[in-house]
Amino acid sequence: MKRVFSGIKPSGHLTLGNYLGAVRRWAAVDQYRADALFCIVDLHALTVEHDPARVRRLSRQAATLLLAAGLDPERCTVFVQSHVDEHARLSYLLECVATDGEMRRMVQYKEKAARERDRGGSVRLSLLTYPVLMAADILAYGTDEVPVGEDQTQHVELARDLAVRFNQRYGRTFVVPRATHPEVAARVMNLREPGSKMGKSDDVGPGIVYLLDEPDVVRRKVMRAVTDSGREVVHDSAGQPGIANLLEILAACTGGDPADLSGVHASYGALKRDTAEAVVELLRPVQARHKELCADPGYVAGVLRDGAERARAMARPTVDAAYRAIGLLPAVSDTGADTGVDTGAVLNAAR
Ligand code: TRP
């Protein structure tokens with residue numbers, strides 16, 4: 001079975017965009033077809049100014065929502081990145097394989113660093129090294145496929161480059177992963193700025209529907225979505241991005257094709273009303289399950305504890321092998337016995 005790994009960063013409340021673009025598919029498809037890990041990547045939430053209590057709260061909430069959305073701990077591994085030391089351990093080794101120039105070329109780094117400087121803030125070093133940690137997330141698990149949005153393609157490419165480079169220099173240690181972009185994933189855009197995606201890090205905005213928004217809040221946000229100067233309700237992403245976005249959302253909620261919805265609605269208002277109700281109905285069961293899970297925090301904590309244990313057991317051998325391969329002296333194990341096995345040599349021999 002293929003190994004699949006994806007992560008979600010607890011830097012904001014999960015949005016309809018996260019759900020339709022990623023989480024829904026993890027629950028409906030990926031956990032059945034693959035040996036899948038879904039990680040709350042909390043270390044990544046520390047790369048820009050953050051509030052400790054908020055990160056903690058958002059991490060717990062994200063985990064609860066992933067379960068509410070249908071991730072089944074019997075079928076996949078749901079865990080929190082910081083619970084598994086292997087990520088940070090491997091990240092350092094990969095920093096010794098990546099180059100400074102490579103990091104500074106990352107588009108997301110350039111954009112976020114520029115934004116931070118414009119605000120007069122300082123740029124955390126971890127923002128620069130973030131893609132290396134992400135590579136460690138992926139490579140520690142022998143991941144074959146990484147389902148992510150297009151904006152993460154460059155980061156997954158880096159993970160591939162680092163895997164290949166490490167393997168060439170130190171012997172075959174890592175599986176070379178690839179990014180996958182599910183064909184039917186809806187690309188949900190901000191309702192007020194249909195030119196930018198409905199991301200969770202954009203902070204509170206009237207154009208962002210959160211998974212935990214009350215039905216009336218959802219309705220209000222959808223009804224106030226920007227529309228275009230045309231009249232007809234047709235699917236034209238370039239000419240009518242606002243309407244196209246609503247059609248995409250409606251189609252994603254009802255399982256149809258946005259193009260088929262062209263001409264179905266007599267007015268923008270009718271389209272908005274239909275879309276709002278479709279979103280409310282889509283979120284209803286997720287919110288109900290979330291509420292149940294919140295009433296049982298011990299259950300969620302238990303899932304995360306088991307998930308971390310499983311993840312650790314998966315990552316440990318690969319990361320240990322990388323330590324040996326790169327030239328670090330094996331520690332004498334707790335039992336006092338050094339196995340004496342040179343894992344790097346073993347992997348080289350097996351090549
Ligand atoms: N960088 C990703 C994002 O912002 C989150 C992420 C971190 C991730 N580590 C990952 C995604 C590993 C896939 C695999 O969305």
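We count ligands from 1, going down the list as the structure has it; atoms in each ligand are counted the same way. Keep in mind that the numbers below use all heavy atoms, side chains included, and drop hydrogens, waters and symmetry copies.
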Practice task
Measure from the ring center of His87 to the ring center of Tyr141 and say whether it is less than 6.0 Å.
Solution key: yes
Exercise for the section: Tell me, please, which residues at least two apart from Phe38 pass ring-ring contact (aromatic ring centres under 6.0 Å, His included). Expected result: Trp26
Exercise for the section: Please identify which atoms of ligand 1 are closer than 4.0 Å to at least one heavy atom of Val148. Expected result: 11 (C), 13 (C)
Exercise for the section: Could you tell me whether some N/O pair between Tyr130 and ligand 1 is separated by less than 3.5 angstrom? Expected result: yes
Handout entry: N/O separation below 3.5 Å, His155 to ligand 1
Key = no
Fill in the blank from the handout: Across all chains, not counting sequence neighbours, the side chain to side chain contact (heavy atoms under 4.5 Å, CB included) partners of Val148 are Ser6, Val146, Gln152, Val156, Ala179, His181
Completion exercise
Out of Asp137, Ile40, Thr47, the nearest non-hydrogen contact to atom 9 (N) of ligand 1 is supplied by Asp137
Problem - Flag for Arg310-Thr77: side-chain donor and acceptor within less than 3.5 Å - result: yes
Exercise for the section: For ligand 1, indicate whether the residue Ile8 contacts it via side chain, backbone, both or neither (heavy-atom separation under 4.0 Å). Expected result: neither
Problem - Under-4.0 Å salt bridge between Glu145 and Arg33 - result: yes
Practice task
Number the atoms of ligand 1 from 1 as they appear, then name those within less than 4.0 Å of a heavy atom of Val146, with their elements.
Solution key: 13 (C), 14 (C)
Exercise for the section: Return yes if some donor-acceptor pair links the side-chain N/O of Arg324 with the main-chain N/O of Val319 below 3.5 Å, else return no. Expected result: no
Practice task
Answer yes when Arg219 and Glu277 have at least one side-chain N-carboxylate O distance shorter than 4.0 Å, and no when they do not.
Solution key: yes
Practice task
Measure Asp151 to ligand 1 on non-hydrogen atoms and call it side chain, backbone, both or neither using the 4.0 Å cut-off.
Solution key: neither
Problem - Atom indices of ligand 1 within 4.0 angstrom of Phe5 heavy atoms, with elements - result: 12 (C), 14 (C)
Handout entry: His44 neighbourhood, listing ligand 1 atoms whose heavy-atom distance to it stays under 4.0 Å
Key = 7 (C), 9 (N)
